[in-house]
Each structure stands twice: as C-alpha cells, then as structure tokens.
Amino acid sequence: MNKAALAAALGSPSAFGQSQFAFMRGNAFEARVKADGGTELMRLLYERMGATTGCEAPVPGETHVPDLAAAGPEGRAARTALALRAATAAGAWALLDHPMLALEVAGSPAYLEPDAVVVHPDGHWTVVEIKSFPMLDGSADAAKVGAAARQAAVYVLALERVAAKVTGAEVRHSVLLVCPKDFSNLPAASVVDVRKQRSVTRRQLDRLTRIEDLTAALPPGTTFDVDSPAEDLAAAVESVDAAYAPECLAACELAFHCRAKARAAGAVEALGRSVRGELGGLTTIGEVLAAAEGESGDPADPTVAALRRAATLRSEALAVSEVRC
C-alpha cells in the first residue's frame, strides 16, 4: 500500500522527505556521472576495481548501454534479466542505467531499482550507488555510507537471483559508491564491501513471516483502501500492532499517526525505546508519575524505588533553587 497516502487519509500526513533542492541536486549529479554513455562512471569503476580482474579498460563511448524500457515493473524486470544475459554472453563492458530487479520478500515480489549495474567482460556484475552526500578527503560520513551499503546489499541479493540463471555470471560483493568530491560537483568513487550487510539482510528475509500468514491474522474484511470511510480506515490501522518509537519519525510515513496515538494513550514508548526498557512493567506516563509520587507501585520494585529516589532528588533541588532565589 501507499503508506504516505494512508497517513494523509488518517489526518497525519508525513512531513519528512528529501528537500526539492536536494532532490534536484542529486539528479543533476547523477546525470553528470552517467553523461556521454557513462564514460566518467566507467573510468571511476575501472580505476577502483576493474583493473584487478585483468580486463581491458573500457573505451570511452564504446560501453554498451541497453534499452531497458518495458511496460510495468514486471516487464522492466524481465527486460533487465534479458539485457544482463546478453551482456554477459557478449563478453564486453555494459552499463545498465536504472535496471529493475525483483526480490521475493515474505512471499511477495518487491521491485528494486539500483542507480546502475555494470557488466564486466569477465562476467562479473557490479552494483553502482550514486549519492549526493560529499566525499571529503577520500572519505564520507560513516552513517551515510553504512546506509548506502545496506541499500546496495539488497540489490546484490536481487542480482544473485538473476545471475544464478546466467552461465558465467557472478555478482560482486563489493559495490562502487560514487559521491561528489569535497564541495564540488566532480565525482569521486570508493569501493564498499557489503558482504556483512548482505548476510544480515538474507537472514532477515529468510525469517520474515509470509504475507499470507500476516493477513490471515487480521479481522475479516480489513482493508487499507484510502477511499474507505475515515473511521473504517482508522479501525483497520488499529488492528495492526504498532511499536512506536521516536526513531520511526525518520523512516515511516505512519509515524506521526502512531505518535499521536501513543501520546493520547500516555504510552511511555513516546519517550523512546531506552526509556521504555528502563521502566519495566510501567507502560503509561500516568503509572510512572503515580509510582514516583508514592501513590502506587511496589516499593521493593527497583524501578519504583529509582523513580521515588529521583522524585525526592528533584524536590530537594527545586527547594534549594527557591531558597537561592
């Protein structure tokens, strides 16, 4: 489903996302990297990883860039698979611009679109990720590189499904990360090993509950159609358990809806996972305050004892502050 549209229909539209300026800058940088048939991109790739395979350097303007246009994601994924097979059989450099890959997630196909995939003459396939964050003095922000590595690892897994059906094909577990150099718009590249991220992602995919099992647990007639009446839509969303935390605001379109519900219920999850873990069996802010003020709770409970000690220290601190004033 479209979670952004669902959040808007619930009256809590998501307010996060990439700014229009950043989006345009990213598109302009990617277009520059891929200009002239990907000449600059192929140069960077060969400098960083192509020479290690013994392949000859790609000749500018002679890299094959197949047409991947097709109807719908299924058609584009099939067209991509055919292009990869043909490029591998040809034994020459090929650049697939925004190919479409399919990966089974919980029994349902998910369609992925990496920035580019390069086919080497020796049959190796390399994922290319183009990001707009800068690479300063040869290195980029570790958190952003980590996020890019996790994203690329999913592409590697999807490519491996295709490579298993192509003779002589092998997917590299090192991807090429291309970013602006320093504060310019010139591209710089770095090789990122995603073997660890790939292994973690594969284990997570293997452990996922199948979609059929998830939907079977929902009440009969549940639908998330955004054209449904507001009260029916809200009830449908409430039928799915949510574990809200402030971190959700950066990753989920429904986070604002869940936050409003958590605040209305006085749930301690709204204060963060670490706070929730420290409070044990106290699940609402009302229960926490009552325990701290001595109105409820078992004094022998370490959590209750800590809350009461904190309340006492706070009262003492406020009293000293008032005396000084």
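Keep in mind it's a predicted model, so treat the numbers as computed, not measured.
You'll find the side chain of Pro99 stays beyond 4.5 Å of the side chain of Arg76, heavy atoms only. Using a 4.5 Å cut-off on side-chain heavy atoms (C-beta onward), Ser174 and Met49 make contact.
Residues that satisfy the side-chain contact (heavy atoms from CB on, under 4.5 Å) test with Pro58, not counting sequence neighbours, are Met42, Tyr46, Thr63, Trp93. Take Asn185 and apply the side chain to side chain donor-acceptor pair (under 3.5 Å) test, not counting sequence neighbours, and it matches no residue. Among residues two or more places apart in sequence or in another chain, the salt bridge (charged side-chain N to carboxylate O under 4.0 Å, His left out) test is passed with Arg79 by none. Remark: Glu170 engages no residue in a side chain to side chain donor-acceptor pair (under 3.5 Å) (not counting sequence neighbours). Residues satisfying the side chain to side chain donor-acceptor pair (under 3.5 Å) criterion with Glu160, sequence neighbours excluded, are His173, Arg198. With sequence neighbours excluded, the residues forming a salt bridge (charged side-chain N to carboxylate O under 4.0 Å, His left out) with Lys131 are Glu129, listed by chain and number. Not counting sequence neighbours, Glu62 has no partner by the salt bridge (charged side-chain N to carboxylate O under 4.0 Å, His left out) test. Partners of Ser108 according to the side-chain contact (heavy atoms from CB on, under 4.5 Å) rule, which considers only residues two or more places apart in sequence or in another chain, are Ile211.
In the hydrophobic clustering, Met100 connects to Tyr111, either directly or through intervening members, whenever side-chain heavy atoms lie under 4.5 Å apart. The hydrophobic cluster containing Leu186, built from Ile/Leu/Val/Met/Phe/Trp/Tyr side-chain heavy atoms closer than 4.5 Å, comprises no other residue. Applying the 4.5 Å side-chain rule to ILVMFWY residues, one finds Leu136 in the same cluster as Phe183. Grouped by direct or indirect side-chain proximity (heavy atoms under 4.5 Å, Ile/Leu/Val/Met/Phe/Trp/Tyr only), Val268 sits with Leu271, Val275, Leu279, Leu282, Ile285, Val288, Leu289, Leu307.
A salt bridge is absent between Arg32 and Glu40; no separation between the charged side-chain nitrogens and carboxylate oxygens falls under 4.0 Å.
Using a distance-only test at 3.5 Å, with no hydrogens or angles considered, no donor-acceptor pair links the side chain of Arg202 to the main chain of Leu157.
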